[in-house]
K.L.:
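For reference, the structure I am asking about is given below.
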Amino acid sequence: MITLNATHQADLTSWVDSANTAGNGFPIQNLPFASFRRRGSGEAFRPGVGIGNQIVDLSRLYDLNLFTDKAQQALEACQGIQLNGLMALGQPYWSALRLALSEALRSGSPHEEAIRPLLVAQDEAEFITPSRIGDYTDFYISVHHATSIGKQFRPDNPLLPNYKWVPIGYHGRASSIGVSGQAFPRPVGQTKPQNEGDAPDFGPCKRLDYELELGIFVGESNEQGQRIDIEQAEKHIFGFCILNDWSARDLQAWEYVPLGPFLSKNFASTISPWIITLEALEPFRTAFSHPATDPQPLPYLHSQANAEGGAYDIELEVQITTQQSRDSGQQPFTLATSNFKDAYWTASQLITHHTVNGCNLQPGDMLGTGTLSGPNADQAGSLLELSAAGKKPISLPWGESRSFLEDGDEIIMKAVCKKDGYPDISFGSVSGTVLKANFKSE
Ligand code: MN
């Protein structure tokens, strides 16, 4: 199990000056991972670690032979394009690499001169997904989201009876996951006919939405048939990113019975380039519990450690810009804020539940949390909730309004951990843009 250690000391500073600026988000206590190259270059993408406004090239760092033992072996696993190799090694290797990086990037490190030429400015880099994502599973762990969506369909009985017992999920699609900056055409598909018995409508989605989520990256795998106990679950989590799980609500409403979402969800999902390791999030653990009046988790979903600190205090924010707002130089407008700590299940419970039947998870797989809405109406993580399914359009400060997304709209999501006396740990951000549908009336 991870514990607070020398890499978490609040007063550590780096010889990379930009890492020491208050609120920069990538201080030496963070050390997030990504796959990058210089923008517009023909270089191979390769793993890097973020520090201030720079990236340390881990592929070249391996060549310097500055590190030893597990830390150097971890760098050897970073020789590929993405992070799957490092993820597969397991937590002792991740921790050894984090400690070695922390020591090498610290103010006064003897390695400053050797490492400085390996830095690439983040604003001169481009990114791909940090891992090759083999499988993507999406959950539904905000009881506030599930209740407010459920109310739209079943006003008297918003939560189905399984919700408080089982972490609800479905298998998503990995091929259409892109990294921040993704732009995609509005999906086309079938929607429910106006009158029962008529043929369905066919055309561009009219109720396009975002979902404010976190992605959980699987590290070390489990053998098929072998469950991951809740006490061991965190050892299988490499870290978290921000996830925008775009959703076509009108396609979803027509197709989701009886097997769940399909084409309404798999046309695009956009993630932030940076993975914040679980170890970096250690100072932001918080207690987890269900209300006393709710069913308590079944024994396989309960542990003392999970109850005492299985949740994480991560502040989330979603913003919008439109063609009009960008053309007139307006700032992005914040649609909502929420917090991961308000979720009904923890990341450990998702890993344990996913494998309870013997399903094998693999390094680089991603689990989505589901829309992370908070308890208050202004903490809703989707437009479906914020606009009450289109009944209450949201006024934007530059004069437009939105019930659902229009062509040209850009959604930006951010996440940050804050604590008094400790530097901010930022996830960076993820943006994505909706393009016009590829559709001619047919
Ligand atoms: Mn989702």
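Side-chain atoms are counted along with the backbone in the values below, which use heavy atoms only and exclude waters and symmetry mates. Start at 1 and go down the list; that is how both ligands and their atoms are numbered.
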K.L.:
Step through it carefully: locate the ring centre of F240, locate the ring centre of F427, and say whether they are under 6.0 Å apart.
P.N.:
no
K.L.:
Do any side-chain atoms of residues 31-42 form donor-acceptor pairs under 3.5 angstrom with protein atoms, and if so which ones, sequence neighbours left out?
P.N.:
from, atom 1, to, atom 2, distance (Å)
S35, OG, I81, O, 2.8
R37, NE, E126, OE2, 2.8
R37, NH1, E43, O, 3.0
R37, NH2, E126, OE2, 3.3
R38, NH1, E43, OE2, 3.1
R39, NH1, D123, O, 3.4
R39, NH2, D123, O, 2.8
R39, NH2, A125, O, 3.4
S41, OG, R38, O, 2.7
S41, OG, E43, N, 3.2

K.L.:
Below 2.8 Å, which protein N, O or S atoms neighbour the Mn ion (ligand 1), ignoring water?
P.N.:
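Hits for the Mn ion (ligand 1) below 2.8 Å: D138 OD2, E211 OE1, E213 OE2, D245 OD2.
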K.L.:
Report the residues that fulfil ring pair (Phe, Tyr, Trp, His ring centres under 6.0 Å) with H145, sequence neighbours left out, ordered by chain and then residue number.
P.N.:
Y140
K.L.:
Could you check whether E255 and S264, counting side-chain N and O atoms only, form a donor-acceptor pair closer than 3.5 Å?
P.N.:
yes
K.L.:
Are W345 and F288 an aromatic pair by the rule of ring centers under 6.0 Å?
P.N.:
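Ring centroids of W345 and F288 are no less than 6.0 Å from each other.
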K.L.:
Holding to ring pair (Phe, Tyr, Trp, His ring centres under 6.0 Å), I want the full list of residues that pass it with F284, two or more places apart in sequence or in another chain.
P.N.:
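Residues passing ring pair (Phe, Tyr, Trp, His ring centres under 6.0 Å) with F284: Y422.
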